[in-house]
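Only this structure's heavy atoms are used, side chains among them; waters, hydrogens and symmetry mates stay out. On a predicted model such as this, the values are computed, not experimentally measured, just so you know.
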Amino acid sequence: MRSFTFNGIHKDYVTASKIKRPSWAEIQRNTLTFPGLPGGLLQDTIIKPKIIPVTLFVKNQSFPDLLKLGEDLAEWLITDQSTELIFDDESDRVYYAIVDGSFDPERIANTGQGTITFICLDPYKYGREKTVNILNGMATIANTGTVETPPTFALNVIKPTTFIDVVTDDAYMRLGQIPGTDDAVFQPVTTLLNDGMASTVGWAKSIFAPDVGVIASDGTIMSDGADFLPGSYGTGSLWYGPAVAKSLSSQVTDYLFRFRVQHEVTDIASFGRTNLFLLDVNNKPIARLSLVKDTTGELSTPEIRLLGANGETQYVLRLTRDQVQNWKDAYVFLELKREGNTFTARVARTRGYGGRVEEEVSQKFVDTAGIFIRSVASVAVNFMKYGNSPTLNRNRVQETLVQRINQQTGIPYIVQLGDVVEIDHKTNDIRINGETRLIKTFGSSFFNLKKGANNIMVQPADAVTAKVTWRERFK
């Protein structure tokens with residue numbers, strides 16, 4: 001008996017007795033007519049969403065009554081956005097659908113029968129995902145679908161470059177600039193520290209005076225080979241916990257600091273802080289970047305605070321629980337950039353470690369009084385708990401990045417060794433390491449792969465390796 005998979009789930013108790021799939025979505029032709037002109041002129045064409053009614057038989061053997069079965073169906077089928085719909089008898093095609101209307105099954109013995117309506121806002125159906133490597137900057141791929149389809153290019157950077165070109169027979173996408181013969185090229189940043197927290201080697205136990213809580217000298221921080229985590233919080237009252245510090249190769253004045261953190265909560269009564277402190281040559285904090293869970297519930301909130309030499313404080317960014325409703329069991333990065341007397345704080349929730357940015361907030365502060373402009377000499381990672389409250393199930397530091405911002409003169413390199421660039425022609429988005437970047441040049445454009453053969457060139461071939469991924473699209 002046939003059925004379907006929706007949102008990656010296939011229910012054994014569901015059988016589709018009737019599926020009404022139109023051969024193509026409804027087409028509306030709008031025409032213009034003029035006196036004296038036979039017939040008319042085509043003004044425009046509208047392709048409407050595709051409607052797919054599915055009549056279901058649902059077996060009630062696993063549920064005490066149809067109402068409980070309906071609850072299970074609702075959890076499965078009601079989604080906030082379109083998701084994959086695959087029918088058993090057409091397993092090589094994917095629809096993107098969302099449920100419309102209600103499902104009111106008529107009881108027949110120990111089964112229920114009713115109709116569910118799927119709406120495909122994207123009226124096309126798609127083949128399975130295909131990927132082709134672009135070797136030496138050149139590839140020819142065949143789009144065997146019945147209509148054009150948007151590709152996604154993934155590029156791994158093997159050396160810095162000021163530009164990236166992706167060119168087809170009919171269109172091109174350019175990121176950055178090609179320098180002329182008289183143009184100077186510069187590195188916008190110099191990386192001083194890029195620690196993936198796989199080992200505590202080079203980090204030493206540190207004691208200093210934080211703006212919140214105390215550093216516990218008897219606490220420990222360890223690495224599990226991937227992240228830093230608290231081995232022991234030590235002893236104390238209110239907020240307390242251990243810290244380890246690492247010196248930079250040189251002091252830095254204009255800078256960017258990034259701190260990747262993961263919080264996971266299984267006990268809503270648990271408390272925890274994960275902090276990165278920027279320290280001066282006297283081991284006094286200049287700034288604190290923190291992910292904080294300090295109330296009952298599941299949410300963690302970010303805050304970035306500047307700290308003066310004489311006790312002055314200034315939040316550059318601090319979000320409330322109302323502003324981070326999805327920040328539970330969250331992967332987060334916190335970023336502080338200083339250029340002259342301007343501080344820019346940015347925080348983001350990502351899809352897993354280093355994944356695509358899901359939400360981000362950025363705020364600025366201008367230090368006109370020059371209170372917070374000391375140079376940074378070292379950084380410290382610190383975990384804190386609160387009194388005798390339960391601690392977080394997972395409290396991890398996953399990356400500490402420090403970059404010096406260089407003089408901005410000439411044409412900059414737009415990517416560095418190890419960066420991953422995604423050019424997504426379906427969402428019209430350009431991402432570097434999961435973050436959207438507005439670096440498309442004027443005149444270039446997002447494009448589709450045409451039907452048939454597509455010749456693709458990616459340059460500079462000695463700076464990136466590339467692959468293209470697409471789904472063939474059908475009316």
Side-chain angles (χ1 to χ4, degrees), residues 206-221 227-244 257-278 285-307 311-336 345-350 358-363 365 379-400:
S206 181
I207 303 295
F208 54 89
D211 60 309
V212 174
V214 296
I215 304 300
S217 60
D218 57 342
T220 59
I221 290 176
D227 307 326
F228 277 16
L229 63 152
S232 166
Y233 285 95
T235 56
S237 61
L238 301 181
W239 288 108
Y240 63 92
V244 292
F257 285 79
R258 176 176 292 176
F259 189 45
R260 288 192 185 271
V261 180
Q262 182 197 6
H263 276 188
E264 186 175 309
V265 177
T266 54
D267 186 340
I268 62 173
S270 61
F271 285 7
R273 283 179 172 267
T274 316
N275 303 314
L276 179 73
F277 286 93
L278 282 53
I286 297 171
R288 171 173 54 81
L289 292 72
S290 302
L291 189 64
V292 181
K293 184 182 181 302
D294 59 1
T295 57
T296 297
E298 298 178 282
L299 300 176
S300 298
T301 58
E303 55 188 46
I304 297 178
R305 191 182 202 186
L306 301 177
L307 307 169
E312 305 94 338
T313 63
Q314 173 67 51
Y315 280 109
V316 185
L317 181 148
R318 190 183 194 188
L319 301 184
T320 65
R321 284 180 295 165
D322 291 339
Q323 296 171 293
V324 291
Q325 289 298 310
N326 295 317
W327 292 40
K328 50 188 175 182
D329 293 346
Y331 293 83
V332 173
F333 73 72
L334 304 100
E335 187 177 279
L336 178 64
R346 190 164 72 107
V347 296
R349 180 177 64 86
T350 66
E358 303 282 4
E359 299 176 69
E360 70 171 282
V361 178
S362 178
Q363 295 178 3
F365 167 72
V379 292
V381 170
N382 166 237
F383 297 98
M384 288 184 174
K385 65 171 294 186
Y386 186 78
N388 294 320
S389 298
T391 58
L392 299 176
N393 183 51
R394 286 182 68 85
N395 189 356
R396 301 288 190 271
V397 173
Q398 300 176 308
E399 180 190 63
T400 301

Should [X] and [Y] count as an ion pair when the cut-off is N to O under 4.0 Å?
X      : Y      : value
Glu303 : Arg273 : yes
Arg346 : Glu360 : yes
Arg394 : Asp329 : no

Kindly give the heavy-atom pair with the smallest separation between [X] and [Y], and that separation in Å.
X      : Y      : answer
Ala345 : Val316 : CB-CG1, 3.5 Å
Phe259 : Val381 : CE1-CG2, 4.2 Å
Ala216 : Gly234 : CB-CA, 4.2 Å
Pro242 : Gly219 : CB-C, 3.5 Å
Met384 : Pro210 : CE-CG, 4.2 Å
Ala243 : Ile221 : CA-CD1, 3.9 Å

Hey, could you give me the [atom1]/[atom2] distance between [X] and [Y], rounded to the nearest 0.5 Å?
X      : Y      : atom1 : atom2 : value
Leu336 : Leu317 : CG    : CG    : 10.0 Å
Phe271 : Trp239 : CZ    : CH2   : 6.5 Å
Leu334 : Arg260 : CG    : CZ    : 10.5 Å
Ile215 : Phe208 : CD1   : CZ    : 4.0 Å
Phe277 : Arg305 : CZ    : CZ    : 10.0 Å
Glu359 : Gln323 : CD    : CD    : 11.0 Å

Are the side chains of [Y] and [X] in contact, using a 4.5 Å heavy-atom criterion?
X      : Y      : result
Val244 : Phe383 : no
Phe333 : Thr350 : yes
Asn395 : Leu229 : no
Pro302 : Val324 : yes

* Asn382 side chain to Thr274 backbone, donor-acceptor under 3.5 Å -> no
* Judged by atom type as modelled, is there a donor-acceptor pair below 3.5 Å linking the side chain of Thr220 to the main-chain atoms of Ser232? -> yes
* Is the Tyr233-Tyr240 ring centre distance short of 6.0 angstrom? -> no
* Derivation and outcome, side chain to side chain contact (heavy atoms under 4.5 Å, CB included), residues Leu319 and Gln363 -> CA-CA 11 Å; Leu319 301 184; Gln363 295 178 3; 4.3 Å; yes
* To do: Would you list the pairs meeting side chain to side chain donor-acceptor pair (under 3.5 Å) in which at least one residue belongs to residues 289-301, sequence neighbours left out?
  => His263-Ser300, Asn275-Ser290, Arg288-Ser290, Thr295-Arg321
* With Leu276, which of Val261, Thr400, Ile304, Leu291 fulfils side chain to side chain contact (heavy atoms under 4.5 Å, CB included)? -> Thr400
* Candidate list Leu299, Asn393, Leu392, test side chain to side chain contact (heavy atoms under 4.5 Å, CB included), partner Val265, passing option -> Leu392
